[in-house]
Amino acid sequence: MLDPQLDADGNLIHLLSTEGLSKEQLTRLLDTGASFLGVSDRDMKKVPLLRGKSVFNLFFENSTRTRTTFEIAAKRLSADVINLNMSTSSTAKGETLLDTVDNLCAMHADMFVVRHESSGAPHLIVDHLRRTGRNDIHVINAGDGRHGHPTQGLLDMFTIRHYKGGFEGLNVALIGDILHSRVARSDIHALKTLGAASIRVVGPQTLIPTDIEALGVEVHRDLDTGLKDCDVVIALRLQRERMTGALLPSATEFHDRYGLTHERLKAAKPDAIVMHPGPMNRGVEIDSAVADSPRAVILPQVTFGIAMRMAVMSVLAGGGA
Ligand code: CP
């Protein structure tokens, strides 16, 4: 079956997942991101690659970083950007997702950036566009349910490559709520393809999917063994909005066992970097002393997100990676 991200010639025309992207495709996206890094430092922070194109941001879920950096990225590529406020759009009156998409297509949309609480919503849009012959419109998954957040995965890879020079030999740990994390899945697929030496997931049994080892990761219940000799430590938020039932005794107990403190980080390599996709819950998965320390690269992740989202939009519109 045709990969839904690819056109008939094998070009990447949608970004739905980091799963299935080859090492060459990932590397081309990261290299393109690197070429855009300097655009933000210019007096004229614009390049004309998407001039005349209309990018629609459809965020059915809250967002600070992703929505804003997609808007900045599209504007830096000279696109026209239309931000729909989904809480005041006609979806609130019962219009279906696909009827909304059809109406925006009638307004000559060229690209949809979609965040949705349901896993698979961006795939549904791609399938609908394909069935209705609108193969010239691109879809980017900006986070769907628990499934994936591929541009976060790409900006995380960009950050790791920036600080560590590459992926070979790296030990990477993802700490906390793996079960509900779309970022964890996107990072794991990309890290695996790019050749990280070990990928560890660390957390309580209730917050680690039972089948996660099939993705090629080590599972650790103990933070000290999970962090041992790590080069990269990625803290994840407890996603209480996605939890049904009591998966944790308390946030305080979670912090005692899995919270990142300077003391616990002594198990990692001395030059280990600390990442977090945001939003952070200080004092739960990460201490403020760590989040605000020089080893934390959490704000550079956000800045790199602009360059990586420029890279994704320009590669999709320009014929694929
Ligand atoms: N990392 C991330 O997706 O943050 P937002 O929810 O603020 O977009």
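When a ligand or atom number is given, it counts from 1 through the structure's own listing order. Just so it is clear, the model here is predicted, and its values are computed rather than measured. The basis for the numbers below is simple: all heavy atoms, side chains too, and nothing from hydrogens, waters or symmetry mates.
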For [atom], the protein heavy atom that lies nearest, with its residue and separation:
atom	answer
atom 2 (C) of ligand 1	Thr66 OG1, 3.5 Å
atom 4 (O) of ligand 1	Arg65 NE, 3.1 Å
atom 6 (O) of ligand 1	Arg115 NH1, 2.9 Å
atom 7 (O) of ligand 1	Thr64 N, 2.8 Å

Step by step, work out the side-chain hydrogen bond (donor to acceptor under 3.5 Å, both in side chains) result for His149 and Asp144. CA-CA 7 Å; His149 193 348; Asp144 63 326; over 6 Å; no
So that I know where these two stand, are His147 and His123 an aromatic pair - ring centroids less than 6.0 Å apart?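 Here the rings of His123 and His147 have centres that are less than 6.0 Å from each other.
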Relative to Phe59, does Arg115 satisfy both conditions: NZ or CZ under 6.0 angstrom from the six-membered ring centre, and within 45 degrees of the ring's axis?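 The answer is no, since Arg115 fails at least one limit relative to Phe59.
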Under 4.0 Å from a heavy atom of Gly278: which atoms of ligand 1 are those, numbered in the order shown and with their elements?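 So the answer, numbered in order with elements, is 1 (N), 2 (C), 4 (O).
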Over 60° means perpendicular and under 30° means parallel, so classify the ring planes of Phe304 and Tyr163, tilted if in between.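 Geometry flag for Phe304 against Tyr163: tilted rings.
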Hey, what's the ring geometry for Tyr258 with Phe254, parallel, tilted or perpendicular (30° and 60° as the breaks)?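 Plane angle between 30° and 60°, so tilted.
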Please confirm whether Pro277 comes within less than 3.5 Å of ligand 1 when only nitrogen or oxygen atoms on both sides are compared.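 Such a contact does occur with ligand 1.
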So, regarding Arg67 and ligand 1 (criterion: nitrogen or oxygen to nitrogen or oxygen, under 3.5 Å), is there a contact or not?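 By distance alone, the answer is no.
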4.0 Å heavy-atom contact, Gly143 with ligand 1: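 Gly143: no contact with ligand 1 (<4.0 Å).
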Of Arg237, Gln301, Glu285, which is the lone residue that meets side-chain hydrogen bond (donor to acceptor under 3.5 Å, both in side chains) with His276?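 With His276 as partner, side-chain hydrogen bond (donor to acceptor under 3.5 Å, both in side chains) holds for just one option, Glu285.
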